[in-house]
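The structure appears below as structure tokens.
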Amino acid sequence: MARTWLSVTVELLGGRGQELWPCPGRIFAIGPAHTFTDLANAINSAFARWDLAHLSMFTLDDGRVVTDPEVGDDLIAGGPGPLSEALDIDLAKVHQTVKPGAEFQYTFDLGDDWTHRCVVAPEKIDPKETLGVSPRAPLPYWGWGDIPDQYGRRWSDDDGTGPVPARPHEAHPMLTGKWPGRQPVPELDLREALVAIRSGDADRFLDAVSGRDIDDVLQQVGAGVPAALKARPQRAEQVAASIVERLRRRSDAGDSELAEDLLARLRGEPLPGRVASVDFEMLADAMEGDPVRDGATWPTSPYDNATRRCGTGWNGPSKVAARSADSATPSTNSTSTTSGTRSPTTARSVVHASSWRLREFT
């Protein structure tokens, strides 16, 4: 973008009968389309004005004023000096009215007369280079000094006559990192979370884990993140990012791999890792007698339909179809495919090494 914006330094000289020194100031970037009203609003915001129900006025170096039309008419009719004109503050463009190197005055509140000296820099600027953006309104990009309250108040009920309230003996907890105080965290209902994962109910899953302590079951809870990201991306993104960071900090076995998988899901990227072939029957034998998995049926990964009969989860499969209790005729010589039919024991599966997701093929 070309250097088409004005850079204007605005210093607050004083107000309410007081002269300020050193003068606080701000430097503004002002675009070609910005009016004097836009500049006045930006100055008032940058100098911490909260009561804006006051008239304001710009005075140019040639004597012209830029203000509300009615105020301008009164000033021109009753003011001393040579005859001049008043420009409409809502219509007059700053770029069309002042030039690089010019000086003009801004007055806020024609009763308290907060007076500002405004100086246009000799060189124009490129907002993309200076600000990084092209703002819709004039924007300060540099500043200094203490900004006085527009009514001179030092605390909420200061009337200008009373003593300064005594300072508290201790710093506020917000300054010391002790705020907010530690609140009791509701216990996570892991069964509710796992049922939500199995059913693919993203809202139910997010309700189950939000506001709960999940650090002891990160891998189990992580199984619900992919479906939640797909169904409720805006709500699930913060949950997913938090789980990824917690996994990275904990660094237990499998945590880094799961964190990589979830981060890939969060970014919409292909899953990392490698593919290895696994025999279902050998896997079932290896899992037999595991005290963690016996008696528990971990939920199926909700985003992989091919695993719905395999009882898999992020921590690994707890049951395989050949061992499932609902099998009509349990057999050690066959496994059940995802369609419910039998296949020879030589059937092989593909396991994603970092997430334990099983896909059976013959």
Side-chain angles (χ1 to χ4, degrees), residues 10-12 14-16 18 20-28 41-52 114 131-133 135 137 139-190 192-193 205-222 224-225 228-229 232-252 255-256 258-260 262-263 266-267:
V10 179
E11 292 182 299
L12 177 58
R16 302 183 66 251
Q18 300 177 353
L20 300 177
W21 186 259
C23 298
R26 302 289 185 265
I27 302 180
F28 293 84
N41 291 336
I43 293 175
N44 291 336
S45 176
F47 285 87
R49 275 85 190 238
W50 52 270
D51 183 1
L52 303 179
W114 289 103
L131 307 174
V133 295
L139 188 68
Y141 63 91
W142 190 253
W144 58 90
D146 296 329
I147 305 298
D149 178 75
Q150 70 180 92
Y151 292 120
R153 297 189 184 115
R154 295 161 292 172
W155 58 92
S156 61
D157 56 353
D158 181 16
D159 60 3
T161 60
V164 177
R167 181 186 295 271
H169 296 294
E170 297 182 359
H172 194 281
M174 288 186 178
L175 293 174
T176 61
K178 298 179 180 179
W179 186 94
R182 187 171 181 82
Q183 303 293 330
V185 179
E187 183 178 354
L188 171 69
D189 186 344
L190 182 57
E192 170 68 9
F205 165 73
L206 293 170
D207 289 340
V209 301
S210 297
R212 306 299 197 273
D213 185 355
I214 62 172
D215 286 343
D216 292 336
V217 288
L218 288 174
Q219 295 193 18
Q220 291 94 322
V221 170
V225 171
L229 284 172
R232 295 288 185 269
Q234 292 185 341
R235 186 181 178 193
E237 283 178 356
Q238 290 185 347
V239 173
S242 178
I243 292 176
V244 168
E245 185 60 30
R246 291 165 188 260
L247 287 165
R248 287 174 168 174
R249 287 201 307 263
R250 190 176 70 172
S251 296
D252 284 356
D255 282 356
S256 62
L258 175 54
E260 290 179 8
L262 294 182
L263 188 59
L266 189 59
R267 294 173 173 172

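Throughout, numbering of the chain's residues begins at 1 and tracks the sequence.
Atom CH2 of Trp179 has 12 or fewer heavy atoms from other residues, nucleotides or ligands within 6.0 Å. For Trp21, the CH2 atom sits in a loose shell: 12 or fewer heavy atoms of surrounding residues, nucleotides or ligands are nearer than 6.0 Å. Glu237 CD: more than 12 foreign heavy atoms inside a 6.0 Å radius. More than 12 heavy atoms of other residues, nucleotides or ligands shown are found within 6.0 angstrom of CH2 on Trp144. When the shell of 6.0 Å around CG of Asp158 is examined, it contains more than 12 heavy atoms from other residues, nucleotides or ligands.
Nearest heavy atoms, Val133 versus Pro135: O-CD, 3.4 Å. Residues Cys23 and Leu12 share a closest heavy-atom pair of CB-O, 3.5 Å. The two residues Pro186 and Arg212 have their closest heavy-atom pair at O-CD, 3.3 Å. Closest non-hydrogen pair, Arg16 versus Gly152, comes out as NH1-CA, 3.7 Å. The two residues Leu131 and Leu139 make their nearest non-hydrogen contact at CD1-CD2, 4.1 Å. In this structure, Leu262 and Gly222 approach most closely via the heavy-atom pair CD2-O, 3.7 Å.
Interatomic distance, Leu258 CG to Arg248 CZ, rounded to the nearest 0.5 Å: 11.0 Å. Note: Leu52 CG to Asn41 CG = 7.5 Å, rounded to the nearest 0.5 Å. Rounding to the nearest 0.5 angstrom, the gap separating the CD1 atom in Ile243 from the CG atom in Leu263 is 12.5 Å. One distance of note links CH2 of Trp114 with CG of Asn44; it measures 12.0 Å at 0.5 Å rounding.
Taking the charged nitrogens against the carboxylate oxygens, Asp215 and Arg246 do have a contact shorter than 4.0 Å, which makes a salt bridge. Classification of Arg153 and Asp149 as a salt-bridged pair fails, no side-chain N sitting under 4.0 Å from a carboxylate O. The pair Asp207-Arg235 meets the salt-bridge criterion, with a side-chain N (NZ, NE, NH1 or NH2) lying under 4.0 Å from an Asp/Glu carboxylate O.
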- CA sep, side-chain torsions, deciding dist, call: Gln219, Asp255, side-chain contact (heavy atoms from CB on, under 4.5 Å): CA-CA 7 Å; Gln219 295 193 18; Asp255 282 356; 2.7 Å; yes
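No donor-acceptor pair closer than 3.5 Å links the side chain of Gln220 to the backbone N or O of Leu190.
Looking only at side-chain heavy atoms (C-beta outward), Asp252 and Leu218 stay at 4.5 Å or farther from each other. Using a 4.5 Å cut-off on side-chain heavy atoms (C-beta onward), Arg49 and Ile43 make contact.
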